[in-house]
Amino acid sequence: MEDFPMKKIGFIGLGVMGQSMARNLMKAGFSLTVYNRTKSKADGLIAEGAAWADTPGQCAKDQDAVITIVGYPKDVHQVYFNEDGILANAKPGAYLIDMTTTSPKLSIEIYEAAKARGIFALDAPVSGGDVGAKNATLAIMVGGDQAAFDTCMPIFSAMGQNIRHMGAAGAGQHTKMANQIAIAGAVAGVCEALAYAKAAGLDLQGVLDAISTGAAGSWQMSNNAPRMLAGDYAPGFFIKHYIKDLVIAKEGADGVSLSLPVAEVVLGMYQQLQEEGFGDDGTQALIKYYK
Ligand code: NAP
């Protein structure tokens, strides 16, 4: 960190993930300026020494790097492309890192718009959930230029552990889509196993203890099944965001005539839960589908 040329970071998006990620950057010694749509979510970080900016553009001004982790592609578009947004205000030579899970096409648009201004852009979505964000153990999958990735490694290292350059702009988001597709079967599999065990009259905690260390074990089983058993549906990872991701993945697959039958079924299950008013629950609430 002492030798690292970049010290000043603008950070936009202080939700479930962003708050912890920003805090870990401060702990690593970076100087943070923060912006969020709802200012009160910045209170804790401001008390810990972060500066507040009134707009995304102000947050990006004069920073060595700008990190975003907002909600949807439309939010990313807004904070980057608006008149008082990041692209119009970041200094040439700055590094823009979008860690939102968003569309690969949008990441390429940002990369090209940034390049035209002499700015570097990386798409760097994450996996590991609220727990990984708190513990700085996120997996970070990065698209963009290799040299920009190498320069930003100390920033990534403050937030994650499994940090990989996946290819050109958009490749980070494509990797994240593969991750989201893999989750679909894993989370539904855990729910179906619990639904079956319940119908068979078994002790559900006992079943998890018996099967989670064998071939059926998974991150979903270790982290989300206990929340399902406790009736704890707090996000974690919002159902509404997972629907956003599976829709992006489906659009990408449709574009290359690839069928994703498991992901599509699970998308339909989550869409039904959202229609029933559960979009702000965590993804572990898929168990409600079986009740
Ligand atoms: P979240 O709690 O909703 O956080 C998003 C934050 O961004 C909110 O604080 C929101 O402001 C802010 N925001 C949204 N649009 C904005 C805009 N236009 N301008 C300024 N601020 C804006 O969601 P999250 O769980 O942290 O997830 C963030 C992203 O990471 C999503 O794309 C999600 O899919 C992805 N992700 C999440 C997880 C997870 O486990 N949670 C894991 C991996 C990836 P408000 O406070 O006003 O709502």
Side-chain angles (χ1 to χ4, degrees), residues 1-53 56 59-60 62-71 75-76 79 86 90 94-102 120-144 148-166 172-173 175-176 179 219 222-224 234-238 241 282:
M1 179 63 196
E2 289 75 37
D3 303 331
F4 186 53
M6 296 199 289
K7 298 228 176 346
K8 288 177 63 184
I9 297 180
F11 198 107
I12 298 171
L14 302 173
V16 173
M17 299 296 284
Q19 291 219 10
S20 300
M21 293 160 71
R23 183 163 288 113
N24 285 330
L25 286 164
M26 287 169 68
K27 279 188 201 157
F30 291 100
S31 162
L32 253 66
T33 299
V34 297
Y35 171 75
N36 190 62
R37 189 171 49 197
T38 306
K39 187 180 177 189
S40 58
K41 290 193 189 169
D43 289 349
L45 290 165
I46 293 169
E48 292 162 39
W52 170 258
C59 192
D62 296 324
Q63 305 294 342
D64 300 318
V66 183
I67 296 177
T68 43
I69 180 153
V70 289
D75 300 316
V76 175
V79 297
I86 298 166
Y95 291 80
L96 310 182
I97 307 172
D98 182 29
M99 306 188 84
T100 317
T101 305
T102 182
F120 304 100
L122 296 167
D123 47 296
V126 301
S127 174
D130 52 334
V131 179
K134 273 197 189 80
N135 298 339
T137 54
L138 291 168
I140 307 178
M141 36 214 105
V142 185
F149 169 79
D150 293 341
T151 305
C152 291
M153 189 50 108
I155 293 177
F156 294 133
S157 300
M159 298 182 282
Q161 280 178 347
N162 182 6
I163 302 155
R164 290 172 192 270
H165 183 237
M166 305 308 300
Q173 296 297 349
T175 306
K176 175 70 185 186
N179 182 83
W219 190 98
S222 303
N223 291 275
N224 269 340
F237 180 40
F238 289 108
H241 284 161

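These figures come from a predicted structure and were not determined experimentally. Below, each value reflects all heavy atoms present in this structure, side chains not excepted, and no hydrogens, waters or symmetry copies.
- Between atom CD1 of residue Ile155 and atom CG of residue Asn24 there is a gap of 13.5 Å, rounded to the nearest 0.5 Å.
- Between His241 and Phe237, the two ring planes are tilted [angle within 30° to 60°].
- Here Asn223 pairs with Trp219 under the side chain to side chain contact (heavy atoms under 4.5 Å, CB included) rule; sequence neighbours left out.
- The side chain to side chain contact (heavy atoms under 4.5 Å, CB included) test applied to Ser20 returns Ala133, Lys134, not counting sequence neighbours.
- Taken from CE in Met153 to CD1 in Ile163, the straight-line distance is 5.0 Å, to the nearest 0.5 Å.
- For Cys152 against Tyr95, the heavy-atom pair with the smallest separation is SG-CD2, 3.6 Å.
- For the atom pair CD (Glu48) and CZ (Arg23), the distance works out to 4.0 Å, reported to the nearest 0.5 Å.
- When side chains are defined from C-beta on, Leu45 does not count as touching Leu32, because their heavy atoms never get closer than 4.5 Å.
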Check against side chain to side chain contact (heavy atoms under 4.5 Å, CB included), Met159 and Val126: CA-CA 10 Å; Met159 298 182 282; Val126 301; over 6 Å; no

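- Scanning all heavy atoms of the two residues, the minimum distance from Met17 to Ile69 falls at CB-CD1, 3.8 Å.
- Atom NE2 of His165 is separated from atom CG of Asp150 by 8.0 Å, given to the nearest 0.5 angstrom.
- For residues 33-46, the pairs satisfying side-chain hydrogen bond (donor to acceptor under 3.5 Å, both in side chains) are Thr33-Gln63, with sequence neighbours left out.
- A distance-only check finds no donor-acceptor pair linking the side chain of Ser31 to the backbone of Lys7 [under 3.5 Å].
- Of all non-hydrogen atoms in Met166 and Thr175, the two that sit nearest each other are CG-OG1, 3.4 Å.
- With sequence neighbours excluded, the residues that form a side-chain hydrogen bond (donor to acceptor under 3.5 Å, both in side chains) with Thr68 are Tyr80, Asp98.
- When all heavy atoms are compared, the tightest approach of Ile140 to Phe156 is CD1-O, 3.6 Å.
- Partners of Ala158 according to the side chain to side chain contact (heavy atoms under 4.5 Å, CB included) rule, which considers only residues two or more places apart in sequence or in another chain, are Leu25, Ala28, Phe30.
- In terms of heavy-atom proximity, Gly172 sits nearest to Asp123 at N-OD2, 2.9 Å.
- Sorted by first and then second residue, the side-chain hydrogen bond (donor to acceptor under 3.5 Å, both in side chains) pairs with a member in residues 153-164 read Asn162-Arg164; sequence neighbours excluded.
- Pairing each heavy atom of Phe11 with each of Met21, the nearest pair is CZ-CB, 4.0 Å.
- Distance alone, capped at 3.5 Å, places no donor-acceptor pair between the Asp75 side chain and the Val70 backbone.
- Atom CD of Gln173 is separated from atom CG of Asn179 by 11.0 Å, given to the nearest 0.5 angstrom.
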